[in-house]
Amino acid sequence: MLTEATMWMRRRTSAAADWPVEMLLGAKQARTGLGAGDGRISVVLPARNEEETVGVIVDAIRRELVERVPLVDEIVVVDSRSTDRTAEVAAAAGAEVVAQDAVLADLPPMSGKGEALWKSLAATTGEFVVFVDADLRNFAPHFVTGLLGPLLTDPTVGYVKGCYDRPLMTGGTRVDGAGGRVTELVARPLINLHWPALAGVIQPLGGEYAGRRALLERLPFVTGYGVELGLLLDVFQDSGLDALAQVDLGDRVHSHQSTEALAAMSGQIMLTAWSRLQRHGRMLPLEPPGTALAWFQRSGTGHDLRVNDVGVQERPPMIGVPGYAGTGRSVVS
Ligand SMILES: O=c1ccn([C@@H]2O[C@H](COP(=O)(O)OP(=O)(O)O[C@H]3O[C@H](CO)[C@@H](O)[C@H](O)[C@H]3O)[C@@H](O)[C@H]2O)c(=O)[nH]1
Ligand SMILES: O=C(O)[C@H](O)COP(=O)(O)O
C-alpha cells in the first residue's frame, strides 16, 4: 500500500537544517550569467488584512536574507484588497507592495488568494519564486532557505512544498496536532483516494512553497483557496512525482479562520479536486457540481440560513498572457 508515495518521501524529503545559507549562496552564484532570471530569487507574500503579522515577516526576510546575506533579490507583498494597514506596514518593513488589482489591470479582476499568487508572477522577476503566507505567527528565515534548498541544488526539482507540525491555538492554548483541519478532513482523504502517489505530501495545502518560474508560468492558477491543491495536482500531472520535493520546516503557527470560512475553503478544495479528476481524464461527472453552500446559525428557536458561493475560477498559464514579461517585470499601474 502506498509504496510509490513512501519511496518518494524517502527520496525527496529533507529538513531546513540540511540547507545552510552559505550552500544556497554558492548554488545561486553558480547560476549568475546563465540567463533566464540568473538565479534571482523573489519572495512573495499574498496578504489580505494581515497588518499584525506581515511587517514582522518582511522585516526578518529583509534583515537576514537581503542585508546580512544577498540571497533574496526582492520581497513583494501582493495586497489582496486589504481594508487595514497591511500595505503601509509591509512597505515600512521594506517590501515592495503591489495592489492585486493594479497588476495586469486591463484584465477583469478576479478574487481570492490564487488570484493574488497568479498576479505575483507578473509583478516579480526571479527565476525562483518563494511563497509565504502573511499570517504566520512564528516565521523565521529557515522557511525561505529550506524551500530554496532542493530547488537551487537539484535541477530536476521544480516545486517544493513546506511541511510542518500544525498546532491549533484556541484562546492562547496550544493543541498539538489539531491544526490544518481542512487538510486532514478534506484534502488528505481526497488525495489518498484519487492520487495515492501524492499521499506522501505531508502538507498539501500549506501556504509556504517555492517553484521555478519556468514551471509556474506554464500552470493555470485556481483563484481562491484551491490554488495549492490545483498547483500540486498539475505539477504532478505535467512533470511527474520527482519534480516535487518537500522540506520539513518544523512548526507552523498561523491565524485560524472561522468554521464557516473553513467550510467554504473545503468546498473550493473539493471543486478543485473534481476539476482535475475531470481534466486529467480520471472521472467524468454526469452533471457539474453546484457551488452554493448552506450555513446555519441559531436564531431564537429557529435557524438563519446563509448561502455562500464556493465556486472557483481559473487563470490560464501566465506565459500566454499579453502583458506578461516573463523574468522582466510586467506593467503594474
Ligand atoms: O483573498 C485572499 C485571501 C487570503 N489571502 C492571503 O493568503 C494567505 C493564506 O490565507 P488564509 O486565509 O490565512 O488561509 P489559511 O486559513 O491559513 O489556509 C490554508 O489553506 C489554504 C488552502 O489551501 C492555503 O491557501 C493557505 O495558504 C493555508 O494556510 C494569507 O496571507 C492571506 O492574507 C489573500 O492574499 N487573499
Ligand atoms: O490548511 C488547513 O487545513 C486550513 O488552513 C485550516 O487550518 P487550521 O485548522 O490550522 O485553522
Side-chain angles (χ1 to χ4, degrees), residues 43-58 76-87 89-90 95 97-101 103 109-120 123 130-139 143 147 161-170 174-191 201-210 221-233 249 251-273 310 312-313:
V43 177
V44 168
L45 291 90
R48 183 185 59 180
N49 295 336
E50 307 290 6
E51 66 179 7
E52 272 185 53
T53 43
V54 71
V56 177
I57 301 172
V58 169
V76 173
V77 169
V78 183
D79 180 16
S80 189
R81 302 183 193 152
S82 297
T83 52
D84 68 0
R85 296 185 62 251
T86 291
V89 172
V97 180
V98 295
Q100 177 176 308
D101 295 327
V103 181
M110 292 184 183
S111 303
K113 182 187 178 189
E115 173 78 347
L117 297 186
W118 186 73
K119 292 281 184 77
S120 80
V130 182
F131 299 111
V132 177
D133 278 357
D135 69 331
L136 296 185
R137 296 189 172 270
N138 68 332
F139 176 83
F143 274 68
L147 292 169
K161 289 290 295 184
C163 62
Y164 12 65
D165 300 332
R166 298 188 60 172
L168 187 70
M169 307 300 291
T170 54
R174 177 186 167 115
V175 185
D176 282 328
R181 291 162 288 173
V182 177
T183 302
E184 302 307 335
L185 300 177
V186 180
R188 199 179 308 289
L190 276 171
I191 290 171
V201 179
I202 295 170
Q203 290 296 337
L205 301 190
E208 291 68 46
Y209 45 99
F221 276 54
V222 175
T223 53
Y225 286 114
V227 62
E228 280 79 23
L229 184 61
L231 289 174
L232 179 68
L233 299 178
L249 304 176
D251 207 34
R252 178 186 198 261
V253 181
H254 74 139
S255 307
H256 299 291
Q257 299 201 62
S258 67
T259 306
E260 180 180 3
L262 294 186
M265 180 189 288
S266 301
Q268 296 189 343
I269 299 294
M270 289 185 209
L271 288 172
T272 303
V310 298
V312 288
Q313 294 174 286

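Just so you know, ligand 1 is whichever comes first in the structure, and atom 1 is the first atom listed for that ligand.
Counting only N and O atoms by type, the side chains of Thr223 and Glu115 include no donor and acceptor under 3.5 Å apart. A donor-acceptor contact closer than 3.5 angstrom is absent between the side chains of Arg181 and Thr259. No side-chain donor from either of Arg252 and Gln203 sits under 3.5 Å from a side-chain acceptor of the other. Donor-acceptor pairing under 3.5 Å is recorded for the side chains of Ser255 and Arg137.
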Quiz item: Do Glu228 and Lys113 pass the salt bridge (charged side-chain N to carboxylate O under 4.0 Å, His left out) test, and can you show the C-alpha distance, the side-chain angles, and the key distance before you say yes or no?
Solution: CA-CA 10 Å; Glu228 280 79 23; Lys113 182 187 178 189; 2.6 Å; yes

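Backbone and side-chain nitrogen or oxygen atoms of Arg166 are examined, and none is located within less than 3.5 angstrom of a nitrogen or oxygen of ligand 1. By the 3.5 Å distance cut-off applied to N or O atoms, Pro167 is not counted among the residues near ligand 2. Checked by distance only, ligand 2 and His256 come closer than 3.5 Å through their nitrogen or oxygen atoms. Residue Ala134 has at least one nitrogen or oxygen atom sitting less than 3.5 Å from a nitrogen or oxygen atom of ligand 1, judged on distance alone.
Contact atoms of ligand 1 toward His254: 15 (P), 16 (O), 17 (O) (distance under 4.0 Å to a heavy atom of the residue). If you number the atoms of ligand 1 from 1 as listed, the ones under 4.0 Å from a heavy atom of Ala47 come out as 33 (O), 35 (O). Contact atoms of ligand 1 toward Arg252: 29 (O) (distance under 4.0 Å to a heavy atom of the residue). Below 4.0 Å from some heavy atom of Gly179 lie the following atoms of ligand 2, by number and element: 9 (O), 10 (O). In summary, the atoms of ligand 1 found under 4.0 Å from a heavy atom of Ser80, numbered by their order in the structure, are 1 (O), 2 (C), 34 (C), 35 (O), 36 (N). Each of the following atoms of ligand 1 lies closer than 4.0 Å to a heavy atom of Gly207: 27 (O). Listed by number with element, the atoms of ligand 2 under 4.0 Å from a non-hydrogen atom of Thr183 are 1 (O), 2 (C), 3 (O). Heavy-atom proximity to Gly180, at under 4.0 Å, picks out these atoms of ligand 2: 2 (C), 3 (O), 7 (O), 8 (P), 9 (O), 10 (O).
In this structure, the protein non-hydrogen atom closest to atom 31 (O) of ligand 1 is Pro46 O, 2.7 Å. When only non-hydrogen protein atoms are considered, atom 30 (C) of ligand 1 lies nearest to Glu50 OE2, 3.4 Å. Remark: minimum distance from atom 9 (C) of ligand 1 to any protein heavy atom is reached at Asp133 OD2, 3.3 Å. Protein heavy atom in closest approach to atom 18 (O) of ligand 1: Met265 CE, 3.2 Å. Protein heavy atom in closest approach to atom 13 (O) of ligand 1: Asp135 OD2, 2.9 Å. Nearest to atom 10 (O) of ligand 1 among the protein's heavy atoms is Tyr225 CE2, 3.7 Å. For atom 23 (O) of ligand 1, the closest non-hydrogen atom of the protein is Glu228 OE1, 3.0 Å. From the protein, the heavy atom lying nearest to atom 5 (O) of ligand 2 is Arg166 NH2, 3.5 Å. Among protein heavy atoms, atom 16 (O) of ligand 1 sits closest to Gln257 NE2, 2.9 Å.
With a 4.0 Å heavy-atom cut-off, ligand 2 is reached by the side chain of His254 but not by its N, CA, C or O.
Atom OG1 of Thr272 sits about 10.0 Å away from atom CG of Leu190, to the nearest 0.5 Å.
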